[in-house]
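Because the structure is predicted, anything quoted here is derived from the model rather than measured. Hydrogens, waters and symmetry mates are skipped; everything else that's a heavy atom, side chains included, is used.
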Amino acid sequence: VTGVVITKINMDSEAAEKGLLEGDVIVEINQQPASNPAKMQEILDAASKSGRNSVLLLINRQGDIRFVAVRLKAAPK
């Protein structure tokens, strides 16, 4: 499996609310390959700058593939 492995989840986060777990692999973010953490941050920054409220993740959990929409944090004012 190619992607970025989730190594830690904040239990008070949107990701935890959506059921993401440590060990899940993020395969894609907004339909772009999640090849490494730096690329993921680049995609997240672009989504935030363009005014998007959420991103769509393609998750692989031990062969079980699913999409999860996760809200982005609001930018500080």
| Counting N and O atoms only, with roles assigned by atom type, does the side chain of Ser48 sit under 3.5 Å from a partner on the main chain of Leu44, one being a donor and the other an acceptor? | no
| query | So do the side chains of Ile26 and Ile59 get within less than 4.5 Å of each other, counting heavy atoms only? | reply |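 Counting from C-beta outward, Ile26 and Ile59 do come under 4.5 Å.
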| said: Could you check whether any side-chain heavy atom of Leu20 comes within less than 4.5 Å of a side-chain heavy atom of Leu57, counting everything from C-beta outward? | reply: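 Yes, close enough: below the 4.5 Å cut-off.
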| request: Show the numbers, then the answer: is there a side-chain contact (heavy atoms from CB on, under 4.5 Å) between Val55 and Leu72? | output: CA-CA 7 Å; Val55 292; Leu72 296 172; 3.9 Å; yes
| said: Lys18: which residues meet the side chain to side chain donor-acceptor pair (under 3.5 Å) condition with it, sequence neighbours left out? | reply: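 Side chain to side chain donor-acceptor pair (under 3.5 Å) check on Lys18 returns nothing, list empty.
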| Considering residues at least two apart in sequence or located in another chain, which fulfil the side chain to side chain donor-acceptor pair (under 3.5 Å) criterion with Arg66? | none
| request: Scan for salt bridge (charged side-chain N to carboxylate O under 4.0 Å, His left out) pairs involving residues 38-51, sequence neighbours excluded, and state none if there are none. | output: Lys39-Glu42
| field | Pairs touching residues 6-17 that satisfy side-chain hydrogen bond (donor to acceptor under 3.5 Å, both in side chains), sequence neighbours left out | value |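 Listed once each, the pairs are Glu14-Arg71.
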| query | Which pairs, with at least one residue in residues 19-34 and sequence neighbours excluded, count as a side-chain hydrogen bond (donor to acceptor under 3.5 Å, both in side chains)? | reply | Asp24-Arg61
| request: Could you identify which residues cluster with Leu58, counting Ile, Leu, Val, Met, Phe, Trp and Tyr as linked when any side-chain heavy atoms lie under 4.5 Å apart, either directly or through a chain of such contacts? | output: Val1, Val5, Val25, Val27, Leu56, Ile65, Phe67
